[in-house]
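Below: the structure, in structure tokens.
We count ligands from 1, going down the list as the structure has it; atoms in each ligand are counted the same way. Quick caveat: nothing in here was measured; it's all calculated off a predicted structure.
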Amino acid sequence: MALLQGANPLTRGPHVEADFSPSAPAPRLGFVSFGASRLEPGSGSLGLSVGPGERSSFPAPIRAVNETRAAHINGRADGAQGENLDQISPVGNSANIKWHQCSVGKLDRQELLQQKGCVIWITGLSGSGKSTVACALSRALHSRGKLTFVLDGDNVRHGLNRDLSFKAEDRAENIRRIGEVAKLFSDAGVICIASLISPYRKDRAACRALLPEGDFIEVFMDVPLQVCEARDPKGLYKLARSGKIKGFTGIDDPYEPPLDCEIVLKQTERDCASPCDMAEQVISYLEEKGYLMA
Ligand SMILES: Nc1ncnc2c1ncn2[C@@H]1O[C@H](COP(=O)(O)OS(=O)(=O)O)[C@@H](OP(=O)(O)O)[C@H]1O
Ligand SMILES: Nc1ncnc2c1ncn2[C@@H]1O[C@H](COP(=O)(O)OP(=O)(O)O)[C@@H](O)[C@H]1O
């Protein structure tokens, strides 16, 4: 039984010219689609919307703090959303803590690096080409003098997340931690490329909600399960089909495709762009949105 939940509306309809404006309906350019941002001022109780079908898993007070932290890091230390970070307060399970602000901020670092920090979040099935496109993108940006860092799910599970399994709550924690680390890289002014299956919409939405509007760029590797399974570079699908791995994404654990992401990189059995071409498609988006300049 294949578990691919939900439909991806970006893969339907005729091809149109690319339009990067925030109000544009998700247009398509060849095999890449650029969708509109989903953070809309005034929507939701905290002015935060995470898109249709995607709800932040953070309780509201923590989201408020995170929004305010995002405002700080962007040089708007104005206590946005009514929060006063100059006071000692409880955050999560930590009582009596206070945000410490540094005189060197994100804008200073971006000026130094001549780029804007952001998170490119690559999601898709095992074998869909996430790691390959992440590295191709990192290489292409590096050759243009842009500082990137790749957070690959497999690699992070070798260290920071080595205590986590593949059960749903551990995947959620894996994604939450990588989202927080990616946010730190973004605050550092780095173009952070996170490449992990991240199968559940609500976990991806929670990572999106950590960042200022526009800075979370979700890239969906839209590759049919049959193509991923035919590739099976690690032999894991074979093990999953034979029951030797339980809870494998797409086989007996769900994958929820994005409903409204920024970029779709589509591959089929017959049409498969090269990793370099896909990287260039992401770079076009970054250029258009101004992330490759301070
Ligand atoms: N049960 C199960 N389901 C899916 N994948 C599995 C599983 N067990 C091991 N692997 C291997 O672990 C890699 C996925 O790790 P991630 O951290 O990206 O997964 S997740 O985001 O927490 O779902 C994934 O790597 P990629 O193939 O690069 O995606 C697999 O090689
Ligand atoms: N654009 C592509 N065209 C053809 N094969 C690809 C492409 N991207 C990746 N692959 C191949 O697919 C397999 C899985 O790629 P990988 O990047 O490891 O996927 P993931 O990180 O999603 O598991 C590898 O054997 C890789 O060489």
Would one find an N or O of S131, backbone or side chain, under 3.5 Å from an N or O of ligand 2? yes
Quick one: closest heavy-atom pair of K183 and L210, and the distance? CE-O, 3.4 Å
Please state which protein non-hydrogen atom is closest to atom 13 (C) of ligand 1 and give its distance, to 0.1 Å? D154 OD1, 3.4 Å
Nearest heavy atom to atom 9 (C) of ligand 2 wins, so pick from D232, T132, L125. T132
Near G153 (heavy-atom distance under 4.0 Å), the atoms of ligand 1 are 17 (O), 18 (O)
Does R241 count as lying over the ring of F248, i.e. NZ or CZ under 6.0 Å from the six-ring centre, within 45 degrees of the axis? no
Between D232 and L236, is there a donor-acceptor pair closer than 3.5 Å when you use the side chain of the first and the backbone of the second? yes
Classify the contact between P275 and ligand 2 as side chain, backbone, both or neither, using a heavy-atom distance cut-off of under 4.0 Å. both
K130 contact mode with ligand 2 (heavy-atom cut-off under 4.0 Å): both
Check: G129 N/O within less than 3.5 Å of ligand 2 N/O: yes
What residue and atom, counting heavy atoms only, is the protein's closest point to atom 31 (O) of ligand 1, and at what distance? K234 NZ, 2.9 Å
Close N or O approach (I197, ligand 1; < 3.5 Å): yes
Should one rank N174, V156, D152 by closest heavy-atom distance to atom 20 (S) of ligand 1, which comes out on top? N174
Salt bridge check, D271 against K266: does any charged N sit closer than 4.0 Å to a carboxylate O? no
Mark yes when over 12 heavy atoms from residues, nucleotides or ligands other than R139 sit less than 6.0 Å from its CZ; otherwise mark no. no
Test of understanding: given a 4.0 Å heavy-atom threshold, classify the contact between P199 and ligand 1 as side chain, backbone, both, or neither. side chain
Nearest-contact summary for atom 3 (N) of ligand 1 - protein heavy atom, Å: R171 NH2, 3.1 Å
Under 4.0 Å from any heavy atom of S126, which atoms of ligand 1 are there? 26 (P), 27 (O), 29 (O)
I'd like to check the salt bridge (Lys or Arg N to Asp or Glu O under 4.0 Å) partners of K234; sequence neighbours left out, ordered by chain and number. D154
List for me each residue that meets side chain to side chain donor-acceptor pair (under 3.5 Å) alongside R144, sequence neighbours excluded, and say none if there are none. E280, E287
Decide whether the shortest distance between a heavy atom of G124 and an atom of ligand 2 is less than 4.0 Å. no
L236: numbered ligand 1 atoms lying under 4.0 Å from its heavy atoms: 11 (C), 30 (C), 31 (O)
If the cut-off is 4.0 Å to any non-hydrogen atom of G247, which atoms of ligand 1 fall inside it? 1 (N), 2 (C), 3 (N)
I'd like to know if K167 and E173 make a salt bridge, using a cut-off of under 4.0 Å between side-chain N and carboxylate O. no
Going by the atom numbers of ligand 2, which of them fall below 4.0 Å from some non-hydrogen atom of S126? 23 (O)
When only distance counts, is R157 in polar contact with ligand 1, meaning an N/O pair under 3.5 Å? yes
State whether the shortest distance between N or O atoms of G127 and N or O atoms of ligand 2 falls below 3.5 angstrom. yes
Per-residue contact class, M278 against ligand 2 - non-hydrogen pairs under 4.0 Å: side chain
Is F166 touching ligand 1 with its side chain, its backbone, both, or neither, if touching means heavy atoms under 4.0 Å apart? side chain
For L196, counting its heavy atoms only, list the atoms of ligand 1 lying under 4.0 Å from any of them. 18 (O), 21 (O)
Checking heavy atoms under 4.0 Å, the part of A273 that sits near ligand 2 is backbone
